Enquirer: 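This is the structure I want to talk about, given as structure tokens.
Every chain is numbered from 1 and lettered A, B, ... according to where its sequence line falls, protein lines coming before strand lines. Because the structure is predicted, anything quoted here is derived from the model rather than measured.
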Protein chains: 2
Amino acid sequence: MENLYFDIKVNAALYSKDPQSSALGKKILKQGILMLESLGYEDFTFKKLGKEIGSNESSIYRYFDSKHTLLVYLVNWYWSWTEYRLVLSTHSMVDPKRKLEKALSILTEPVRVDQRFDYIDEEVLYQIIIAESSKAYHTKDVDAENEKGFYRTYKRVVQRVSDMVLLINPDFEFPHMLISTVIEGVHHQRYFSKHLPSLTDFEEGKNNIVRFYKDLVFKTIQ
Amino acid sequence: MENLYFDIKVNAALYSKDPQSSALGKKILKQGILMLESLGYEDFTFKKLGKEIGSNESSIYRYFDSKHTLLVYLVNWYWSWTEYRLVLSTHSMVDPKRKLEKALSILTEPVRVDQRFDYIDEEVLYQIIIAESSKAYHTKDVDAENEKGFYRTYKRVVQRVSDMVLLINPDFEFPHMLISTVIEGVHHQRYFSKHLPSLTDFEEGKNNIVRFYKDLVFKTIQ
DNA sequence: GCAAATATAATAGTATTACTATCATTATTT
DNA sequence: AAATAATGATAGTAATACTATTATATTTGC
């Protein structure tokens with residue numbers, strides 16, 4: 001059953017064969033997300049994934065060069081999707097403060113499933129973003145990969161929200177630092193709340209992470 | 001030549017044999033730091049380290065169970081050392097704002113070499129902290145390792161500085177989030193400034209990272 | 001409906017990793 | 001000088017992260 005209206009564009013340098021273009025490719029993405037989350041990046045292998053989807057390791061390699069590029073692909077998918085949601089929900093807004101507030105909601109609130117992509121479980125993908133995404137760029141190859149555009153979507157999201165900050169206060173000196181701090185911070189706080197809670201002030205159902213970062217942003221840019 | 005007056009205490013669960021207790025152990029630490037930094041965590045191996053120090057892989061395993069515990073050891077050493085500097089430079093201060101300011105200096109300014117530990121190059125270690133330390137806790141074993149106290153020194157530093165925040169504003173709701181956000185944020189910004197500069201507003205010699213985070217903290221807690 | 005083209009599966013193989021185990025050698029202590 | 005402890009050398013194992021080759025389906029174009 002096909003229920004999607006469009007694809008999320010991901011940098012073609014990240015795959016040998018577009019996984020969104022075939023049934024096997026989509027199975028790799030779907031089950032890859034579930035296994036990456038359950039096993040963790042280190043224990044995840046293409047061999048295990050192949051077994052799980054009744055396919056062969058060598059077939060997966062025809063889509064992705066390595067599990068590293070699969071991770072980067074997923075991170076990119078996430079940021080493309082986030083950029084899409086960001087643009088969609090803020091483009092018609094005129095009041096700069098409301099606009100930024102909305103953008104911060106998208107960056108700080110937990111993710112909910114988007115029915116349009118049945119081969120991506122966005123909630124599970126979000127867990128991967130929280131726990132593993134920093135491994136995408138903490139590599140000795142960052143610079144080479146950056147040149148190939150591996151982190152372009154992430155940078156674009158930061159740029160867009162930074163621009164919203166400048167709309168409110170054009171003299172604010174550090175919009176990129178502020179927004180990348182919020183993005184990475186949210187992921188850390190969600191990870192810590194599960195595993196190292198004394199590093200946070202998380203309380204179930206009290207929305208502290210969202211409240212904390214929104215408040216921090218508006219106070220900082222004044 | 002022995003020029004140290006005391007050792008930095010590191011959780012004994014992190015080693016099989018205390019590396020600070022022997023010449024070989026110190027060589028493992030010293031050269032381990034240099035190689036971890038130059039090769040990166042993924043490409044670093046005990047075999048390569050053994051070759052470099054003219055020793056055997058198996059000898060290194062007698063000190064550390066795995067390269068993961070070596071990394072966690074170094075991260076712990078760093079936080080113990082930072083806690084020591086923190087306490088030393090703030091304990092006599094009475095004005096809460098100056099006290100917090102000083103603490104933030106220690107957390108945000110680049111690290112300088114401490115002559116007392118000739119087997120630790122703190123500046124290189126700091127590069128490891130920036131580029132690799134998040135891998136210490138982004139593991140499937142976090143919870144088990146947390147129970148063994150692998151992250152205790154980090155948590156203690158966060159707690160100490162959070163307490164300083166509460167000294168200024170006892171009603172501030174999120175001191176731990178704030179301080180862990182600053183700590184992780186600084187590392188990210190220093191990493192980004194080298195590899196993904198468009199995510200920052202770093203400018204050489206302008207102290208932007210320090211200024212940004214100090215300003216952010218004081219504005220947020222008011 | 002069949003051949004050609006394409007995609008996938010199966011198998012095998014390689015160098016490296018992350019260890020463990022055993023035994024030999026060298027230092028240190030008593 | 002003997003005992004003890006530390007280190008080094010060697011070998012071995014299961015798994016990883018691939019690459020290469022060949023075989024078998026499946027799709028498509030005519």
Side-chain angles (χ1 to χ4, degrees), chain A residues 2 12 14-32 35-36 38-74 119 132 135-136 138-141 144-145, chain B residues 2 12 14-32 35-36 38-74 119 132 135-136 138-141 144-145:
Chain A
E2 197 72 329
L14 283 164
Y15 50 78
S16 314
K17 176 173 176 168
D18 184 359
Q20 293 186 111
S21 74
S22 76
L24 178 60
K26 286 173 186 173
K27 264 204 316 204
I28 290 169
L29 293 180
K30 192 183 181 88
Q31 201 60 35
M35 287 190 85
L36 261 172
S38 62
L39 298 178
Y41 181 74
E42 284 71 25
D43 290 348
F44 170 82
T45 70
F46 280 178
K47 198 164 199 172
K48 291 176 187 169
L49 175 57
K51 201 171 181 185
E52 192 76 16
I53 63 178
S55 182
N56 196 278
E57 197 188 2
S58 61
S59 304
I60 300 169
Y61 274 105
R62 239 175 269 108
Y63 287 84
F64 293 104
D65 276 358
S66 62
K67 70 171 169 176
H68 175 251
T69 55
L70 171 58
L71 175 67
V72 180
Y73 178 98
L74 293 174
Y119 52 96
E132 319 283 5
K135 294 170 191 168
H138 279 133
T139 311
K140 273 290 150 184
D141 302 323
E145 296 188 344
Chain B
E2 197 72 328
L14 284 165
Y15 50 78
S16 313
K17 176 174 176 168
D18 184 359
Q20 292 186 114
S21 73
S22 75
L24 178 60
K26 287 174 186 171
K27 262 201 322 200
I28 290 169
L29 294 179
K30 191 185 181 87
Q31 200 61 34
M35 287 189 85
L36 260 172
S38 62
L39 298 178
Y41 181 75
E42 284 71 25
D43 290 347
F44 170 83
T45 71
F46 280 180
K47 197 164 201 171
K48 291 175 187 170
L49 175 57
K51 202 171 180 187
E52 192 76 15
I53 62 178
S55 182
N56 197 276
E57 197 188 2
S58 62
S59 303
I60 301 170
Y61 274 104
R62 246 177 252 111
Y63 286 84
F64 294 103
D65 276 0
S66 62
K67 69 172 171 175
H68 175 251
T69 55
L70 171 58
L71 175 67
V72 180
Y73 178 97
L74 293 174
Y119 52 96
E132 318 284 4
K135 294 170 191 167
H138 279 134
T139 312
K140 273 290 150 184
D141 302 323
E145 297 188 343

Enquirer: Hey, does the side chain of B/Tyr63 come within less than 4.0 Å of D/dA6's phosphate (OP1/OP2), counting only N and O?
Expert: no
Enquirer: Scan A/Tyr61 against the nucleic acid and name what it touches under 4.0 Å (heavy atoms): base, sugar-phosphate only, or nothing.
Expert: base
Enquirer: Does D/dA17 have OP1 or OP2 under 4.0 Å away from a side-chain N or O of A/Lys47?
Expert: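 Result: no.
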Enquirer: Which pair of non-hydrogen atoms, one from B/Lys48 and one from B/Asp43, has the smallest distance, and what is that distance?
Expert: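 Between these two residues, the closest heavy atoms are NZ-O, 2.7 Å.
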Enquirer: Using atom CD of B/Glu42 as one end and atom P of D/dC18 as the other, report the distance to the nearest whole Å.
Expert: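 Distance check: B/Glu42 CD to D/dC18 P gives 12 Å.
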Enquirer: Between B/Lys67 (side chain only) and B/Phe44 (backbone N and O only), is there a donor and an acceptor less than 3.5 Å apart?
Expert: yes
Enquirer: Between atom CZ in A/Phe46 and atom P in D/dT19, what is the gap in whole Å?
Expert: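 Distance, rounded to whole Å: 11 Å.
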Enquirer: Check A/Phe64 against A/Leu14 and note the closest heavy-atom contact, atom names and distance.
Expert: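 Looking at all heavy atoms of both residues, the closest pair is CD2-O, 3.5 Å.
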Enquirer: Ignoring backbone atoms, test whether B/Ser58 places a side-chain nitrogen or oxygen under 4.0 Å from the OP1 or OP2 oxygen of D/dA9.
Expert: no
Enquirer: Only distances under 3.5 Å count here; give the side-chain donor-acceptor pairs of residues 53-62 of chain A to other protein atoms, sequence neighbours excluded, each with its distance to 0.1 Å.
Expert:
| from | atom 1 | to | atom 2 | distance (Å) |
| --- | --- | --- | --- | --- |
| A/Asn56 | OD1 | A/Ser58 | N | 3.0 |
| A/Asn56 | OD1 | A/Ser58 | OG | 2.9 |

Enquirer: Out of C/dA18, C/dT8, D/dG8, which has the shortest distance to the side chain of B/Thr45?
Expert: C/dA18
Enquirer: D/dT21 C1' sits how many Å from A/Glu57 CD, rounded?
Expert: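 Whole-Å distance recorded here is 15 Å.
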Enquirer: I want to check one thing: is the phosphate of D/dG8, taken as OP1 and OP2, less than 4.0 Å away from some side-chain N or O of B/Ser59?
Expert: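 Affirmative; the distance criterion is met.
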Enquirer: Measure the distance from NZ on A/Lys27 to C1' on C/dA7 and round it to the nearest whole Å.
Expert: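 Whole-Å distance recorded here is 13 Å.
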Enquirer: Mind checking if B/Gly54 touches a base, just sugar-phosphate, or nothing, with heavy atoms under 4.0 Å?
Expert: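 Result for B/Gly54 = sugar-phosphate.
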Enquirer: Looking only at side-chain N and O atoms, does A/Lys17 come under 4.0 Å of OP1 or OP2 in C/dT6?
Expert: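 So the side-chain polar atoms of A/Lys17 never come under 4.0 Å of the phosphate oxygens OP1 or OP2 of C/dT6.
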Enquirer: Atom CZ of B/Arg62 and atom C1' of C/dA21: how far apart are they, to the nearest Å?
Expert: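 Answer to the nearest Å: 11 Å.
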